[in-house]
Amino acid sequence: MKLHFTLNGEARTFETAPGERLSELLRRSGMLGVKIGCSTGDCGTCTVLFDGEPVVSCLMLAAQAEGASITTVEGLSRDGKLHPLQEAFLDEGAVQCGFCIPGMLLSSFALLEENAEPYEGEIRSALSGNLCRCTGYENPVRAVKRAARAMRGEEE
Amino acid sequence: MSRDHFHAVGKDIRKVDGVQLVTGAAAFADDFPKERMLHGKILGSPHAHATILSIDTSRAEALRGVHAVLTHENVLLAGAKGARQPVFERVAYTRAGQDYPEPSPWDFFLLDRKVRFVGDRVAAVAAETPEIAREAIDLIDVKYEVHDAVLTPREALAPGAPIVHDEPDARNIEDAGKNLCAAVDVHLRDLEKGLAEADLIVEGSYTVQRVQHAQLELHTAISYLGGDGRLTVIAATQVPFHVRRQLAQVLGWPVGRIRVIKPRIGGGFGGKQEMVIEDLCAALTLATNRPVRLELDRREDLVACRCRHAMELTCRTGSKKDGTFTAMELTALVDAGAYGSHSPTVPTNTGNKNLPRYRCPNMHYKFDAAYTNLVPTGAMRGYGTPQGSFALECHIDEVAEKLGIDPVELRIRTTVRAGDKDELSPHIYEVKTESPGPVDPSEGAGWPIDSCGMEECLVKGAEAISWKEKRSAFDEWNGKNPVLRKGIGMCCLSQGSGVAGIDTANATVKLNEDGSVNLFVGAADLGTGGDTVLVQMVAETLGLDAEDVTIYAADTDIVPFDSGAYASSTTYVSGGAAIRAAEEVRDDLIAIASKLLGESSENLVLENHAVFSSKSDKSIPIRDVATHSMYKEKEQIEHTARFVSPVSPPPFAAQFAEIEVDTESGEVRVVEFVSAIDAGTIISPKLASGQVDGAVSMGIGYALFEEMPVDSSGTQLMRGLNDYKIVKADGMPRLKTIFIETYEPSAPFGAKAVAEIPTNGVAPAIGNALKHALGVRLRELPFTPERILRAIGKME
């Protein structure tokens, strides 16, 4: 069946079958930043923004995306220029294996859209749906703070 | 030598694979699907111990879209469906990713008539879609003869126990008829004499559980045959060269016709130092002549992969009144699970990565590793060390208390110093390995400890957490008998850097005419930043920037051999190879520049993209030397070098935990955690501290809640990440990490290993803090609320 939604700012049409998960459709459509770590909604590696809200796309049917606006990590960088969050994750050594990073970036993006100056506790709460076994979350939390400063125009 | 002297080493640079990882570009095995690719699925055993009486695959094979169903009956004839490849023979092998010949027993078969744990391989399917493959699995009809299962090492070693490995063709098992997978019993001098000399003898016993790696990327492999008939496997593995060799062994193919490619890896922690699925994936490709993707789901990852060895440990220490140790003994009863991967070597480390950090003339270490009908154990971050660290470091605190000496002070008095020797390790090192290293294991011999910052770790760590102040303040607080108790505890640690005399690395450095270089390494960065560290080392050696170095890693067709990424070996062993290759390129550059500048080679150094004369100030850009070499002298400057170390220099550490424990709910909160670590020179500070942070988070799970319980049939109860919980972002304590930089003379730029040691001390530091808070010693991990309430008498 046909499906229409906006993917990373571009209105597109997709072919899907009943029962197909949104995570599967996105990966199949080349959005490889959508990772599959559990398929049960527990790990957060498949996090995407659904009309701006972070959701685990493995628990959504593709058909639910009809008419929605979906953002994946591929949509964060524009014209080859990295988003300040991506820059900050690189500069703070927040990327180890990187498998959880697309999901973390999108959860952080949604946080900073709503709250330009989050406290550490708010950052940790925003990232609590994104499991990471490598970093202990220290450098990612630092990176979100750094990106927030950069997005507020403060000098590093 | 200090960090200030270096321009690339000791600096923070962006991880070389960082951009692809933050943008979602193709990076991991599952990001490289092939045309006409089939999807594999494994049927796991529902029984812990059974013999397959019959398998009817006819309904599965009849399902539209199914291309192959492999079972123990037809695996030997796989390929009969018209493909060209040879028949597989029944071959005993190990899937442990270790140098050949593996010290692990060869006790595994591609598909066997007997199943030995719930989740063990029964059959495998390749089909057009994952859904069809799942459906086909459900259509396979298996009849089992179910046997009694053994679920603990004690049961397994009892006379008359069911035998897990009764097949005649397994090899290198210590005593299969007794379920004894591996054993070690070694003495340093005379334990009894040391005990007789002691003023005080303290004994204690401790129990540690199984835990799982829970890396975010699932085990994934994609295999295919090229037009030339060669087999390629893209695999999430820490050991591409060992996978290639073991694939050749089990498939009966020549190594030269197999290529293993390791792309980016989504975490391994030892779980991918093992050929978990690549053999079956490749077999499905050979059976179907089609590309096959095999990816385990999270349930399979938890119930049918590998986990940390559970152990029951005892410690006995004899000491003088001033704390001088006269005798130390550690014993371990080890649960190996159903197959013996890493079971001779992991428990070896339990002794030799723990006891030798103490000065003591008389030692005894012994372990028995028993087969059980549970998920096989294997390699996991720390590789046997955390189990021993928990037992020994809780025990040393018990000794300190009985002696009336502060735990930090006792460790300062009793731990090793630079210039000491590790006398124990040569006796027990890498049992069953045919090349135990070039060290003479006779009395008095030992591995030199050339760099040791242990004392400073203890002193600086204690300062950082305000040890003395909090120790007495919390005593006073707890004396008022509040519901919320406070505690502070600590421990000290040692590990190794690679496997001495065994781990081998090679690296090739190729110079381009513009002065940039290509670096080819077999090292298998599993997400730690290993590739970045190697690039920094080569850039440092050649006077280049990191951006001038492009790394190609872990493609067995292209790069030279490396043992793989385990035992904290990349910085030390693979780094040793990379700088040696770079030094040979540097020497060539200097020789040519010497001619071009008319200067003696001794005066020339590489700095800032040029060859400089320290005598005359003359210089020439490296790119000019490289261009001259390539087009005038017609010489491609390129060198391959190898490194294998006769020693495994230990990093040292002290860790400190401040906790609060609620005596009504039994819940523990870690408030602050301090790690003071001597890992030699720190090559990449933010990556190194990231290793510590992640290791501590893993250690907190080990200490407080991670475990893998089974029911009475041996079926594991943890089925997903909703019940097997790992630490989340809002569950971390305040962390402080201090690097005590020493210079290890045998190491590249003085750097030792950092990735494993910080996970070892979390459980004993918290255990010792609990003793401080509650006045009760907890001897069994994890410290769940139930265990704590029982320990303080608030629960039956």
Side-chain angles (χ1 to χ4, degrees), chain A residues 19 24 27-28 30-45 72-77 82-83 85-87 89-105 107 121 123-142, chain B residues 12 14-15 17-28 30-31 131 213-218 264-269 295 297-299 301 525-529 684-698 700 720-723 725-732 735 737:
Chain A
E24 290 165 356
R27 276 192 69 79
R28 190 165 60 68
M31 301 298 113
L32 297 175
V34 180
K35 305 300 183 194
I36 307 296
C38 69
S39 299
T40 50
D42 298 307
C43 78
T45 59
T72 68
V73 75
E74 287 85 351
L76 286 191
S77 50
L82 297 180
H83 187 273
L85 271 165
Q86 293 169 311
E87 300 274 4
F89 269 64
L90 294 174
D91 286 331
E92 287 296 337
V95 182
Q96 284 191 34
C97 84
F99 203 79
C100 70
I101 293 298
M104 277 212 198
L105 286 166
S107 295
I123 297 172
R124 288 184 179 272
S125 174
L127 293 181
S128 64
N130 298 97
L131 295 183
C132 172
R133 195 62 153 168
C134 295
T135 64
Y137 308 99
E138 285 297 296
N139 290 346
V141 169
R142 255 184 226 121
Chain B
D12 285 316
R14 288 184 167 191
K15 208 157 162 281
D17 52 350
V19 171
Q20 83 183 107
L21 296 174
V22 297
T23 55
F28 300 94
D30 202 37
D31 298 340
E131 293 74 27
H213 311 81
Q215 78 296 332
L216 267 296
E217 183 202 24
L218 298 158
R264 304 329 295 169
I265 299 300
F269 313 110
E295 180 176 82
D297 62 29
R298 183 57 67 179
R299 186 190 63 79
D301 195 280
D525 186 343
L526 58 150
T528 53
S684 204
K686 278 184 181 164
L687 293 183
S689 68
Q691 285 299 306
V692 179
D693 301 337
V696 170
S697 77
M698 202 176 257
I700 288 172
L721 292 172
N722 60 333
D723 45 21
K725 302 239 186 269
I726 65 173
V727 176
K728 294 184 173 184
D730 53 3
M732 286 293 290
L735 297 185
T737 298

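A note on names: the letters A, B, ... follow the listed sequences, proteins ahead of strands, and every chain is numbered from 1.
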Okay, B/V692 and chain A: the region with an atom under 4.5 Å from a heavy atom over there is neither
Toward chain A, the part of B/Q20 with a non-hydrogen atom under 4.5 Å: neither
Between B/D30, B/L526, B/V696, B/D301, which has the largest tally of heavy atom pairs under 4.5 Å with chain A? B/D30
4.5 Å side-chain heavy-atom contact, B/V22 and A/V73: no
Need one label for B/N722: side chain, backbone, both or neither, based on atoms under 4.5 Å from any heavy atom in chain A. both
In terms of heavy-atom pairs under 4.5 Å with chain A, the winner among B/A214, B/G18, B/A25 is B/A214
Need one label for A/L105: side chain, backbone, both or neither, based on atoms under 4.5 Å from any heavy atom in chain B. side chain
Close side-chain approach of A/N130 and A/C100, heavy atoms under 4.5 Å: no
Quick check for you: to the nearest 0.5 Å, what is the distance between A/E87 atom CD and A/H83 atom NE2? 10.0 Å
Heavy-atom pairs under 4.5 Å with chain B: which of A/G44, A/P140, A/G75, A/G136 has the most? A/G136
Please identify, among A/G19, A/C38, A/S125, A/S77, the residue contributing the most non-hydrogen atom pairs under 4.5 Å to chain B. A/C38
Can you say whether A/T135 sits under 4.5 Å from chain B via the side chain, the backbone, both, or neither, judging by heavy atoms? backbone
Short side-chain to backbone donor-acceptor contact, B/K15 and A/Q96, under 3.5 Å: yes
Point-to-point distance, once rounded to the nearest 0.5 Å, from CD of A/E92 to CD of A/E138: 11.0 Å
Against chain A, work out which of B/E131, B/R299, B/Q691, B/E295 has the most heavy-atom pairs shorter than 4.5 Å and name it. B/Q691
So which part of A/L85 gets closer than 4.5 Å to some heavy atom of chain B, the side chain, the backbone, both or neither? neither
Whether A/K35 and B/D31 form a salt bridge (side-chain N of Lys/Arg under 4.0 Å from carboxylate O of Asp/Glu) is what I want to check. yes
Side chain to side chain contact (heavy atoms under 4.5 Å, CB included), paired with B/F28, selected from B/L218, B/I265, B/L21: B/L21
Counting only non-hydrogen atoms closer than 4.5 Å, does A/L76 touch chain B with its backbone (N, CA, C, O), its side chain (CB onward), both, or neither? neither
For the candidates A/V34, A/T72, A/D91, which exhibits the highest count of non-hydrogen atom pairs separated by less than 4.5 Å from chain B? A/D91
If you tally heavy-atom pairs under 4.5 Å against chain B, which of A/V95, A/T45, A/I36 wins? A/V95
How long is the span from the OH atom in A/Y137 to the CG atom in B/L735, to the nearest 0.5 Å? 12.5 Å
Pairwise side-chain contact, B/R14 with B/K686, heavy-atom cut-off 4.5 Å (strictly under): no
